[in-house]
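Below is one structure, written out as structure tokens; comments come after it.
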There are 2 protein chains.
Amino acid sequence: MIDFKELLKEHGIPPSLQRIKILEYLHDFNTHPTADVIYQALMNEMPTLSKTTVYNTLKAFAEKGVIVELSLFENEVRYEYNTTPHIHFKCIKCNIIYDISESFECLKNKEIEGHKVLEHHIYLKGICKNCRDSEE
Amino acid sequence: MIDFKELLKEHGIPPSLQRIKILEYLHDFNTHPTADVIYQALMNEMPTLSKTTVYNTLKAFAEKGVIVELSLFENEVRYEYNTTPHIHFKCIKCNIIYDISESFECLKNKEIEGHKVLEHHIYLKGICKNCRDSEE
DNA sequence: TTTCATACTTGTAACGATTACAAAATTGTA
DNA sequence: TACAATTTTGTAATCGTTACAAGTATGAAA
Ligand SMILES: [Mn+2]
Ligand SMILES: [Mn+2]
Ligand SMILES: [Zn+2]
Ligand SMILES: [Zn+2]
């Protein structure tokens, strides 16, 4: 059981109830939700929650390195709890975003052609195993 | 000198004046412009050009494989003439998007963890050579 | 405990990129 | 030339996101 309150404090973020709930959601579901998905999910137990708070919170988390911000295709920003670099695969049929466990040469914190790399993202697009199987 | 009219026909796209001009722009500048950048640039010589036409044309080009659609960070779709897979680096200071010539193992058209890969994108973010030099 | 400044949350309005849509213009073909 | 099909245009609508101002909670100092 992770103490999200502590985790936030360690990152210099005062742990409000809203912030804890949003971080909890990201950890528990461990998917790649948009701000709106999180908002809709927390609406039930927090009826007064504001969408603005969700947006602000996610942006603040990402800036402090608590979570990762993804911008993969289709003009929707997504967030995830897993901050270790990994490959993303988006299925063009079912729109599910898969984590690919295959390792790769990460250029993060390296210098390439004179440029200093701070982030490294690999995005794949195609048809997932499930959709291929059900196509037959 | 490329015959853009022919090029479009070969891809099954009837070559209207607007389409030829947009393709010409992408080829001549060879950067990673947004639809709006192209629209603004062509406004002078084509005063009646509609922004909708630019959006529609770029989308059609990308679908037919004439150009590539990029969705790298910051929620802005960009397009480019160069359809060969390569790495992109965006500088967080000057916002320029660089092409990285370094080669990499491309997973396009391969199968990974059961998924069929149709597109492969690598996006880097950091501080470019120019901005680092001028920081001193 | 009260006071007060600060930080956080909320709700609404505004924004910006993109898309939908219908009318006007153009095109290719008979 | 006639005409149907396609393309372009301009405007309105949409959607994700952000700005902003007012309300609320928090936590330290008195
Ligand atoms: Mn992931
Ligand atoms: Mn490029
Ligand atoms: Zn799928
Ligand atoms: Zn730069």
Side-chain angles (χ1 to χ4, degrees), chain A residues 4-6 8-9 11-25 32-64 66-67 69-80 90 95 97, chain B residues 4-6 8-9 11-25 32-64 66-67 69-80 90 95 97:
Chain A
F4 296 108
K5 208 169 193 165
E6 260 324 299
L8 286 174
K9 278 188 193 163
H11 282 87
I13 301 170
S16 72
L17 180 61
Q18 289 86 341
R19 287 168 176 170
I20 291 168
K21 285 291 173 192
I22 290 170
L23 186 56
E24 235 173 56
Y25 178 93
H32 309 85
T34 61
D36 194 62
V37 164
I38 297 172
Y39 172 69
Q40 298 298 339
L42 296 182
M43 279 284 278
N44 298 323
E45 49 174 325
M46 302 183 79
T48 70
L49 179 66
S50 167
K51 203 177 267 193
T52 301
T53 299
V54 179
Y55 276 100
N56 290 341
T57 300
L58 290 170
K59 180 144 291 186
F61 283 4
E63 270 165 14
K64 300 280 185 171
V66 186
I67 63 174
E69 185 180 297
L70 306 176
S71 184
L72 43 163
F73 315 116
E74 267 84 72
N75 265 35
E76 261 185 342
V77 178
R78 292 169 179 273
Y79 296 88
E80 74 170 331
K90 178 161 187 172
N95 291 319
I97 295 165
Chain B
F4 295 110
K5 208 169 193 169
E6 260 324 298
L8 286 174
K9 278 188 193 164
H11 283 86
I13 301 170
S16 71
L17 180 63
Q18 289 85 343
R19 286 168 178 168
I20 292 167
K21 285 290 173 193
I22 290 169
L23 186 56
E24 235 173 56
Y25 178 94
H32 307 85
T34 60
D36 194 61
V37 166
I38 298 173
Y39 172 69
Q40 300 297 338
L42 297 182
M43 278 283 277
N44 298 323
E45 46 174 329
M46 303 181 80
T48 69
L49 180 67
S50 167
K51 204 178 266 191
T52 301
T53 298
V54 179
Y55 276 101
N56 290 341
T57 300
L58 291 169
K59 180 145 291 185
F61 283 3
E63 271 166 14
K64 300 279 185 169
V66 185
I67 62 173
E69 184 180 298
L70 305 175
S71 184
L72 43 166
F73 316 118
E74 269 85 73
N75 264 34
E76 260 186 343
V77 178
R78 291 169 180 273
Y79 296 88
E80 76 171 332
K90 178 161 187 171
N95 291 319
I97 294 164

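Bear in mind the structure is a predicted one, so any value in this text is a computation, not a measurement. By convention in this document, chain letters (A, B, ...) are assigned in the order of the sequence lines, proteins followed by strands, and residues within each chain are numbered from 1.
- Contacts between residues 34-48 of chain A and DNA chain D, counted as heavy-atom distances below 4.0 Å, involve no residue at all.
- Checking side-chain atoms of B:R19 against main-chain N and O of B:P14 turns up a donor-acceptor pair under 3.5 Å.
- For B:T52 and D:dG10, the shortest distance from a side-chain N or O to OP1 or OP2 is not below 4.0 Å.
- Interatomic distance, OG1 of B:T48 versus CE of B:M43, reported as 10.0 Å (0.5 Å rounding).
- Classification of A:E69 and A:K59 as a salt-bridged pair fails, no side-chain N sitting under 4.0 Å from a carboxylate O.
- Residues A:F4 and A:I20 share a closest heavy-atom pair of CB-CG2, 4.3 Å.
- For the atom pair NZ of A:K21 and OG1 of A:T53, the computed distance is 15.5 Å after rounding to the nearest 0.5 Å.
- Rounded to an integer number of Å, the gap from CZ of A:R78 to C1' of D:dT17 is 15 Å.
- Across the protein-nucleic acid pair, A:K51 atom NZ and C:dA13 atom P stand 15 Å apart, rounded to whole Å.
- Going from atom CD of B:E63 over to atom P of C:dT19 covers 10 Å, rounded to whole Å.
- One interatomic measurement links the two molecules: CG of B:N56 to P of D:dT7, which rounds to 11 Å at whole-angstrom precision.
- Of the candidate nucleotides C:dT19, D:dA19, D:dT9, C:dT19 has the atom lying nearest to any side-chain atom of B:Y55.
- The stretch residues 11-23 of chain A does not touch DNA chain D, since none of its heavy atoms comes less than 4.0 Å from the strand.
- Although no hydrogens or angles enter the test, the distance criterion places no donor-acceptor pair under 3.5 Å between the side chain of B:R78 and the main chain of B:L70.
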side-chain contact (heavy atoms from CB on, under 4.5 Å) for B:V54 and B:Q18? Distances and angles first, verdict last. CA-CA 8 Å; B:V54 179; B:Q18 289 85 343; over 6 Å; no

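- The shortest side-chain heavy-atom distance between A:T34 and A:Y79 does not fall under the 4.5 Å cut-off.
- At least one side-chain nitrogen or oxygen of A:K59 sits closer than 4.0 Å to the OP1 or OP2 atom of D:dT18.
- In this structure, A:E76 atom CD and C:dT19 atom C1' are separated by 15 Å, rounded to whole Å.
- When all heavy atoms of B:A60 and B:I13 are compared, the pair lying nearest together is O-CD1, 4.5 Å.
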